[in-house]
Amino acid sequence: MPAVTASARSSSRTPTPHRPQRAQLSTATWAVPASYLVITIFGMWWIDVRPGVVVEGFGDIARLMERMVPATTGPLPPLIALVFETLWIALAGTGIATLLSIPLAAAASRSFTGPRWVQIISRLVIMLTRAVPSLIFAIIFVRIFGLGPLAGALAIAVHSIGMIGKMMTDSFEELSPQPREAIQATGATRTQTFIATTLTRALPQMTSFVLYRLDINIRASAILGLVGAGGIGVALQTAIGSLNYPRAAGIIIVIILLLLALELVSFLSQRSLAEHADPSASSQLFVASRSGRDPGWSLQRFGRTAAALSAIGLFLFALSTLSIPFDRLQRSGANAWAMLSGFVPPTISTEVVLGIFESVIMALTATSFGVLIGLVIAILSTNHLVNIPALSWMLRTFVVLVRGVPDIIYALIFVAALGLGPFPGFLALSISCTALAAKFFTDALQNINPGPRRALEATGAGRVQAFVSGVWPQFVPSFIANSLFTSDLALRESAVLGIVGAGGVGFLLHESVTSIQYSTTAGILIGLVIVVVALEQVARWARRKVL
């Protein structure tokens with residue numbers, strides 16, 4: 001009976017205390033920061049980022065700012081008309097994208113029971129539209145439909161399908177399958193099942209996605225005029241092109257005020273939806289009436305119905321403002337065919353590869369600077385880490401103001417002050433990455449469990465020791481995930497900054513479209529999609545390993 005003997009011998013021993021095993025670091029935890037460090041060192045050499053150049057550059061920017069004072073808007077009525085045109089472009093584009101995203105997301109989700117090829121094509125459309133920035137779509141649609149808001153609205157719509165479609169797909173897949181299976185068992189059609197069990201349950205979350213995307217699209221539509229796609233960007237491009245810097249400064253201030261006002265409206269709307277989706281309450285379109293058979297009408301349901309009807313009315317009005325001349329629509333078919341046929345065969349020259357490479361280097365180097373500066377701002381803004389309320393309020397206000405300015409406007413200012421090249425683009429991207437990273441990091445640090453830090457401080461540990469041992473280990477997953485997301489956004493933006501001369505592949509792209517070299521345009525688009533998808537895969541791997 002050797003087994004019994006061994007068991008008895010084991011039970012007679014004094015139990016040894018459990019020794020906690022040291023947690024193993026994921027490969028992504030050190031590989032991602034190390035990769036960014038190597039790329040940043042190379043990028044500083046490539047872009048020529050030296051302390052002397054930076055100091056001299058800030059001197060040039062200060063002199064340009066002096067030439068912008070006093071700011072003036074010029075005649076107000078045409079400027080106000082362009083502000084409203086910007087809003088209608090964003091509303092029309094977001095509405096079109098929402099309508100197209102619903103069937104695409106339904107077909108792309110794992111619960112889709114139709115043909116497999118439909119699911120593959122839907123996923124491919126969502127991925128491709130997400131990879132190409134809206135300003136690049138605007139350049140293409142201006143070529144097809146001509147100058148004006150129609151090209152801008154279509155650019156906003158096509159690019160938004162990528163994000164809205166992806167988020168709707170995730171939302172549909174997260175729903176419980178039991179209601180869908182129950183309705184399918186009654187013999188309902190695929191459309192009836194989808195509307196009854198998926199669309200109605202996901203509608204509150206979908207509304208939140210659309211409002212968030214509308215906020216982004218209003219920012220994007222403010223600069224589409226730089227390539228002739230309508231909106232207030234037309235006035236900005238005209239002012240800078242004619243060296244009327246005071247008027248350019250006035251228009252930039254109007255854009256910032258517009259974006260800040262809309263951010264406030266979006267924040268209030270999303271907070272209202274968040275309260276509705278409280279975890280203790282289930283989101284539902286209908287509430288039970290007294291009879292128990294008919295869906296009842298509560299005050300909340302009246303409010304939601306009125307808001308939905310108002311949104312539909314605004315969308316229809318925005319569509320009516322696009323003013324699509326019939327003769328232009330007739331020519332658009334021939335223009336589109338000329339462009340699509342010119343795409344074949346795509347040309348990926350050395351110049352194209354170098355342009356895309358420079359865009360990637362600019363984006364990743366700027367991300368490193370932005371993440372480091374943003375981390376400092378986030379720590380100083382977090383009350384339970386540095387309890388200085390006045391400093392926290394000042395830094396948060398600063399971040400909101402900086403985020404209110406689109407990247408390409410920073411690039412326009414820096415190009416006007418410093419001249420053409422990747423250095424102005426790097427500065428513009430660094431500023432936007434700093435603001436974005438600071439916001440993400442502040443939100444993440446606010447949600448950190450303060451228990452470990454307080455326990456360490458109770459033992460006499462200093463603030464730095466308590467942060468390194470009690471806060472940083474909790475913060476690492478969020479730090480890496482948000483840094484990757486920031487670099488993802490920076491890469492898309494760096495691909496268009498060249499349109500205003502701020503380095504990267506954007507200038508070559510704009511030139512290829514305007515000079516009808518569509519094979520080069522196709523080569524650039526293919527290269528951008530490959531790079532963006534590759535970066536997304538790396539980010540997905542890192543999140544899976546760290547989170």
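Residue numbers start at 1 and run along the sequence shown. Since the structure is predicted, the reported quantities are computational estimates derived from the model, not experimental observations.
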- prompt: Going through the checks in order, is the side-chain contact (heavy atoms from CB on, under 4.5 Å) test met by Leu199 and Met206?
  reply: CA-CA 9 Å; Leu199 185 64; Met206 288 166 55; 3.7 Å; yes
message: Determine whether Glu358 and Trp46 satisfy the following criterion, side-chain contact (heavy atoms from CB on, under 4.5 Å), listing intermediate values before the conclusion.
response: CA-CA 8 Å; Glu358 187 169 85; Trp46 179 276; 3.1 Å; yes
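Residues Thr129 and His159 have side chains not in contact (no heavy-atom distance under 4.5 Å, counting atoms from C-beta outward). Residues Met127 and Arg123 have side chains not in contact (no heavy-atom distance under 4.5 Å, counting atoms from C-beta outward). Side-chain contact between Val49 and Thr365: absent, with no pair of heavy atoms (C-beta onward) separated by less than 4.5 Å. For the pair Tyr36 and Val371, the minimum side-chain heavy-atom distance is 4.5 Å or more.
A side chain to side chain contact (heavy atoms under 4.5 Å, CB included) with Leu491 is found for exactly one of Leu528, Leu535, Thr367, namely Leu535. Of the candidates Thr382, Ile377, Val376, Val376 is the only one forming a side chain to side chain contact (heavy atoms under 4.5 Å, CB included) with Leu380.
From Leu314, atom CG reaches atom OG1 of Thr94 across 12.0 Å, with rounding to the nearest 0.5 Å. How far CD1 of Ile252 is from CD1 of Ile409: 5.5 Å, rounded to the nearest 0.5 Å.
Ring-centre distance between Phe440 and Phe479: not below the 6.0 Å cut-off. Taking the six-membered ring for Trp and the full ring otherwise, Phe172 and Phe112 have centroids separated by 6.0 Å or more. Here Phe423 and Phe414 keep their ring centres 6.0 angstrom or further from each other.
Ring geometry, Phe467 versus Trp472: the interplanar angle falls from 30° to 60°, so the pair is classed tilted.
Panel note: side chain Ser392, backbone Ile388; no donor-acceptor pair is recorded below 3.5 Å.
Applying the salt bridge (Lys or Arg N to Asp or Glu O under 4.0 Å) test to Glu181 and every residue at least two apart in sequence or in another chain returns nothing. The salt bridge (Lys or Arg N to Asp or Glu O under 4.0 Å) test applied to Arg492 returns Asp488, Glu536, not counting sequence neighbours.
For the 3.5 Å distance criterion, the side chains of Arg213 and Ser160 qualify, holding a donor opposite an acceptor.
For Phe398, the CZ atom counts as loosely surrounded, since its 6.0 Å shell holds 12 or fewer non-hydrogen atoms of other residues, nucleotides or ligands.
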